[in-house]
Amino acid sequence: MTNKKVRLHDQRFNQGEPLSPWREKLNGIIFGSESTAGKWFDITLIIVILLSVIAVMLDSVASISEQYGTILRILEWGFTLLFTVEYILRLICVRKPWIYARSFYGIIDLISFLPLYLSFFFAGAQYMLVIRILRVLRIFRILKLVEYVGETNVLIGALLNSRRKIFVFLYSVLAIVTVFGSLLFLIEGEAAGFSSIPKSVYWAIVTLTTVGYGDITPITPLGQFLAATIMILGYAIIAVPTGIYSAELVRSFQTPLSNVACKNCGTSGHQIDAHYCRECGTQIDEEA
């Protein structure tokens with residue numbers, strides 16, 4: 001099998017002794033996406049996964065379950081049998097089944113059908129089948145997005161680099177909502193729904209984030225003034241983490257600069273891959 005047929009996350013359990021012709025062909029269909037059969041297999045699998053998740057979700061609605069419960073359970077068992085067969089075929093067509101079984105996708109494939117069998121012993125376990133939605137992650141392979149997953153390292157790196165600033169921001173927000181929540185508890189009291197400091201802090205968080213459920217509302221003029229203050233403060237604060245992260249992200253994408261100076265005009269700070277001076281156009285002497 002060519003490297004194109006085996007994606008990066010499948011290579012660990014597809015290395016080893018050569019497979020028999022029929023297992024090799026089956027491997028190309030199940031784990032590959034270059035062939036027509038492989039693409040159709042993945043697309044069909046994702047459609048079946050989505051349909052099975054919808055069936056599980058509908059079965060949790062009492063009115064629908066009461067009317068169509070039998071049909072939904074039949075469909076769910078049909079989906080589960082299909083996923084069981086598919087899991088067995090995956091184990092058969094790889095060179096190292098145990099490595100596949102312990103991989104991320106192997107574990108997700110297993111728990112996508114196992115809860116229904118466990119429902120014989122543990123009531124309600126079948127609803128855990130919604131976790132099979134994670135299997136739709138394979139759509140990255142179909143859409144050729146696996147090659148670009150590495151770009152997320154830049155996003156994660158920017159988030160990690162700004163973690164201290166974000167932590168300070170979150171600490172400040174926590175202090176603000178604690179103070180405002182405590183003040184509202186003292187001013188409004190239980191009559192307005194502020195029955196405890198934790199509940200008052202909950203109100204302050206909801207108000208600061210501009211969600212505003214309206215389940216607790218201050219009724220005194222001073223309480224309403226503090227509520228208006230925290231609402232306005234929420235609009236001012238909400239942009240802070242975005243700005244911190246954006247600045248760090250821009251810094252991550254910036255091209256590193258060279259210390260080499262132009263021998264004609266002396267300008268430095270050129271891009272590291274520049275061959276000519278940005279001021280006078282003279283060729284830069286990289287050995288200077």
Side-chain angles (χ1 to χ4, degrees), residues 49-69 72 111 115 119 122-134 136-137 152 154-252:
I49 290 170
L50 294 176
L51 290 176
S52 67
V53 170
I54 292 173
V56 173
M57 295 174 67
L58 291 177
D59 190 41
S60 67
V61 180
S63 57
I64 296 178
S65 179
E66 183 178 351
Q67 188 172 359
Y68 303 102
L72 291 174
I111 62 179
S119 65
F122 306 99
Q126 68 272 19
Y127 294 115
M128 291 300 295
L129 288 172
V130 294
I131 202 170
R132 67 175 48 145
I133 194 69
L134 293 176
V136 181
L137 289 173
T152 58
V154 177
L155 302 178
I156 296 174
L159 186 61
L160 291 176
N161 291 335
S162 56
R163 65 185 181 276
R164 292 187 179 180
K165 297 176 183 177
I166 293 178
F167 174 78
V168 172
F169 165 78
L170 292 177
Y171 178 80
S172 302
V173 170
L174 182 61
I176 290 172
V177 296
T178 302
V179 171
F180 274 88
S182 301
L183 288 175
L184 264 296
F185 170 72
L186 293 174
I187 296 171
E188 298 293 334
E190 190 172 355
F194 296 86
S195 56
S196 65
I197 291 180
K199 194 168 185 179
S200 301
V201 171
Y202 152 79
W203 169 87
I205 293 173
V206 170
T207 306
L208 186 69
T209 55
T210 69
V211 177
Y213 291 124
D215 50 346
I216 307 175
T217 305
I219 56 178
T220 65
L222 182 56
Q224 291 173 350
F225 172 77
L226 290 176
T229 302
I230 198 172
M231 290 175 193
I232 296 173
L233 192 61
Y235 281 105
I237 285 179
I238 199 168
V240 173
T242 304
I244 293 173
Y245 181 68
S246 299
E248 192 62 41
L249 194 60
V250 170
R251 190 178 295 111
S252 300

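All residue numbers in this chain count up from 1 along the given sequence.
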Gln224 CD to Leu184 CG distance, which is reported to the nearest 0.5 Å: 10.5 Å

To the closest 0.5 Å, what do you measure between CG (Leu233) and CD1 (Ile176)? 5.0 Å

Looking at CG of Leu183 and OG1 of Thr178, how far apart are the two atoms once the value is rounded to the nearest 0.5 Å? 11.0 Å

Heavy-atom side-chain proximity of Leu226 to Ile230 below 4.5 angstrom: no

Please report the C-alpha distance between Leu72 and Ile64 in whole Å, then the side-chain angles of each, then the deciding distance to 0.1 Å, and finally whether the side chain to side chain contact (heavy atoms under 4.5 Å, CB included) criterion is met. CA-CA 9 Å; Leu72 291 174; Ile64 296 178; 4.1 Å; yes

Ser195 versus Glu190, closest heavy-atom pair with distance: CB-CG, 3.9 Å

How far apart are the closest heavy atoms of Ala204 and Gly181, and which atoms are they? CB-N, 4.1 Å

Distance check, rounded to the nearest 0.5 Å: Tyr202 atom OH versus Thr207 atom OG1? 9.0 Å

Heavy-atom closest pair (Ile197 atom, Ser182 atom, distance to 0.1 Å) is CG2-OG, 3.8 Å

For Val61, is there any backbone N or O sitting under 3.5 Å from a side-chain donor or acceptor partner on Ser65? no

Contact between Tyr68 and Leu58 at the side-chain level, heavy atoms closer than 4.5 Å - yes or no? no

Indicate yes or no for a side-chain donor-acceptor contact from Glu188 to the backbone of Ile219 under 3.5 Å, with no hydrogens or angles considered. yes

From Ile54 CD1 over to Leu51 CG, what is the distance, rounded to the nearest 0.5 angstrom? 5.5 Å

So, Ser162 side chain and Lys165 main chain: donor-acceptor pair closer than 3.5 Å or not? no

Give me the one residue out of Phe185, Phe194, Phe180 that meets ring pair (Phe, Tyr, Trp, His ring centres under 6.0 Å) with Trp203. Phe194

